[in-house]
Every structure is written in C-alpha cells, then in structure tokens.
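Take a look at the structure set out below.
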Amino acid sequence: MMSLWIMVVLTSLGSYGLKLAGVSLPRSVLNHPRVQRTAYLLPPAMLAALIMTGLVDANGHYGVDWPVLAGVGAGAIAMRFKASLVTVFIVAIVACAVLQLIV
Amino acid sequence: MSETTRFPPRDRDARVTGADFPERAAITRAAVGIGVYAGAFGVTFGAIAIASGLTVFQALLMSVVAYTGASQFAFVGVIAAGGSPLAGLSAALLLGTRNMFYGVPVTQVVQPRGLQRLWTAHFVIDETTAMAVAQRDSRAGRYAFWATGVSLYSLWTVGTLAGALIGSGINTAAFGLSAAAPAIFLALLWPQLSRDGAATVAIVAALVTLVLIPLTPPGVPILAAAVVAVVVGATPSRSPRVQEAS
C-alpha cells in the first residue's frame, strides 16, 4: 500500500525533523510562554484521546472490547499502587489475555 | 569502580580536575535499566505494528528513524483503528512536538556544536532528556544523555525487529496485546496530569474524542484533541507561570 509507505517515511522523517528543530531553533522561539504552554498541553490531550479511541472506538462507532477495558483498568490499579511502567504494562496485557481466554 | 581512588570527600573538584565523576556507575546502571524496558516496549511496538498492517521493514524503519515511542504507537494505533495514514502521521507528529521542546534543556547540557546537532537531535526523547537534566553538572548530564540514548536506541530497535518477526509468525491478538497500547498511553499520561491545566485539558480532550468517534472519519477525533490543547495553550494564563530554570 503506497500511501502507508509514504506516511511511514514522513512520520519517521518528521519525528526526526522536530527533534532537529529543537536543538537548532533560536531559544527565543521555543521559550515563548504560549508556545511552551501549548507544547506542554499537547501530550496529555493526545494521550487522553488515544486512550479513549483505544477503549471505545470500533472503526467509527462505539464498541467496547471488554477484555481490553479490563486489562487497562488493571493497569490503572497497578499504577495507583505506584507500580513501574513495565509492571503496569505486564499487568494490563496479562489481565487482558486471561479474560480473552475465559470470555 | 573507577581507577581514580582519591576523590575528595565532597567531590567538588571532580569536574575541574578532569577526574572521573562518581555518578558514572549509577548512571550506567540506570541507562541499562531504561534500555531493558525500552526493549520490552520495542517488542510490543513491533508486534502491534504488524497487527496494524505494517511490514517488518516499515516497523523497523520507524524505530530506527523516528525513534520516539509514543508517536510510533500513536501512528500504528490510528492505522489499526481504521484511520487514514495521513491521520496517523498528524497524530504522531503532534505528539512528537514535545521532543522539539526538549531540545532547549538538552542543548544546555549537551552543548552540541555545528554538525553535532545532527546526531544529538536523534537522541532527544523523554527518557534521555529526563536523565540529562537530572544530573548535578553538565559532564554527568552529557554522559547520562549519551548512555541512555545509546542503550535505549539499540534495545528499542532490536526489540522492534524481534516483535515484528514474532508478530508475523503468530497472531498476537490472543496475547492481550490489544491492551498494551492504551495501558502505555495511560501510564505516560498519569504523571503529566499534575501539570498546570493538564488534567482539565485531558478530560476535555477525552470527551471531545468520545463525542466525535461516531461522527467523523477515524483519526479525526484524536486531531480534535490537539485543537483543545492549542486553544487552551494559546489562551493567556491568569495564574503566574512558574518558569523552570532557563
């Protein structure tokens, strides 16, 4: 699929380009308060949206994959107990896999 | 241990005399630890990328060139959800803008000159930035940046290749991997919620996404979340901002 190839390449080069801009642009540009504030708010907004689509988006309509939801919930509980990133991740996939076997 | 055994008690002179700095071993251990977890996430990324329809080479190319985990997971996540590759590109790059801003603290520590910027830039990600700025002086900071960068990069790419090959051979959907990406996003989001305004933005972004899912083409709800961040970010803040050391 041609367009997928193009986007894989553009995503890869674009990601590097953003990093290169960061170490090359004059500091005054990146230190602008509103620019910085937007930059700090983009990741939480994007991550929240990605979590939401991961949980309830079934190709453009609402659909919940219960083992996935339970797995992420188990990961969230692990996080409440200050588990490391790896532990959260393992708890989530193990919980999801076990439920997929049962259901 | 270092061969230099006569550190002054407070070690104040280490950077002046050019002696090895005492944090080196601890930094190396931390860098290897970060690399190992990156390897595990690399395996996951490789497997999910294959399940989303990428080839082994495409998955590996992303890890080698893009080298920024959250954006890569976002890209394959949007593709897997039926979104257009263009929507995947937009989501990945919007998420990747934070790496641009990491350039400011990193250049203060690493101080790349001229062409050095070309390869220094490649290693500017969450973990290397955090490790570089956490050190007491720029010597240790530079070492932390490179040790973390090289350890993470090598294990992330090797992990990606392994995951992609595993994913090509067996159906990984049965191994609970569908929960991996949202769980990783949640674990990344969690510590960011303490930032000024971040929790509100995250909730509004999640609600906007939820409403738009059945109304717009896949991928668009995620881009709408970026609009929420831009609108709030560009609005002047009433509370005085506490600037980090510049």
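Throughout, a chain's letter reflects where its sequence line sits, starting with A, and its residues are numbered from 1.
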Counting heavy-atom pairs closer than 4.5 Å to chain A, which one of [options] comes out on top?
options: Ala224(B), Ala205(B), Pro214(B); result: Pro214(B)
options: Leu215(B), Ile79(B), Thr44(B); result: Thr44(B)
options: Leu86(B), Thr68(B), Thr120(B); result: Leu86(B)
options: Ala92(B), Gly82(B), Ala198(B); result: Ala198(B)
options: Thr107(B), Asn99(B), Leu186(B); result: Leu186(B)
options: Ala183(B), Ala40(B), Ala226(B), Ala179(B); result: Ala179(B)

Practice prompt. Return yes when atom OH of Tyr62(A) has more than 12 non-hydrogen atoms of other residues, nucleotides or ligands closer than 6.0 Å, and no otherwise.
Written response: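 Yes, OH of Tyr62(A) has more than 12 neighbouring heavy atoms, counting only those of other groups under 6.0 Å.
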Worksheet item: Near Trp119(B) CH2, under 6.0 Å, is it more than 12 heavy atoms from other residues, nucleotides or ligands?
Response: yes
Go through the atoms of [X] and report whether side chain, backbone, both or neither lie under 4.5 Å from a heavy atom of chain A.
X: Val124(B); value: both
X: Ala187(B); value: both
X: Tyr102(B); value: neither
X: Leu118(B); value: both
X: Arg195(B); value: side chain

Discussion item. Any donor-acceptor pair under 3.5 Å linking the side-chain atoms of Ser63(B) with those of Gln72(B)?
Written reply: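 The criterion, which ignores hydrogens and geometry beyond distance, is satisfied for Ser63(B) and Gln72(B).
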Discussion item. Between Gln100(A) and Trp66(A), do the side chains contain a donor N or O and an acceptor N or O under 3.5 Å apart?
Written reply: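 There is no such pair between these side chains.
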Practice prompt. Report the distance from atom OG1 of Thr148(B) to atom CD1 of Ile34(B), rounding to the nearest 0.5 Å.
Written response: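 Between Thr148(B) OG1 and Ile34(B) CD1, I get 5.0 Å after rounding to 0.5 Å.
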Discussion item. How long is the straight-line distance from OH of Tyr67(B) back to OG1 of Thr160(B), given to the nearest 0.5 Å?
Written reply: 11.0 Å
Pairs of heavy atoms under 4.5 Å with chain B: top-ranked of [options]:
options: Val23(A), Val68(A), Leu10(A); answer: Val23(A)
options: Gly14(A), Gly71(A), Pro43(A); answer: Pro43(A)
options: Val72(A), Leu41(A), Val35(A); answer: Leu41(A)
options: Val94(A), Val88(A), Thr53(A); answer: Thr53(A)

Worksheet item: Relative to each other, are the rings of Phe123(B) and Tyr153(B) parallel, tilted or perpendicular (30° and 60° limits)?
Response: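 Taking Tyr153(B) first and then Phe123(B), their aromatic rings stand perpendicular (interplane angle over 60°).
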Practice prompt. If the plane angle is over 60° it's perpendicular, under 30° parallel, otherwise tilted; pick one for Phe185(B) and Phe73(B).
Written response: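 Perpendicular, since the angle between the ring planes exceeds 60°.
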Discussion item. Please confirm whether the ring centroid of Tyr37(B) lies under 6.0 Å from the ring centroid of Phe41(B).
Written reply: yes
Item to complete: Identify the heavy atoms of Lys19(A) and Ile125(B) that sit nearest to each other, and give their distance.
Response: NZ-CG2, 3.8 Å
Discussion item. So for Val98(A), is it side chain, backbone, both, or neither that comes closer than 4.5 Å to the heavy atoms of chain B?
Written reply: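 Interface part for Val98(A): neither.
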Worksheet item: With a 4.5 angstrom heavy-atom cut-off, which part of Leu13(A) approaches chain B: side chain, backbone, both or neither?
Response: both
Fill in: Residue pair Leu54(B), Met62(B): steps toward the side-chain contact (heavy atoms from CB on, under 4.5 Å) verdict
CA-CA 10 Å; Leu54(B) 269 68; Met62(B) 290 196 88; 3.9 Å; yes
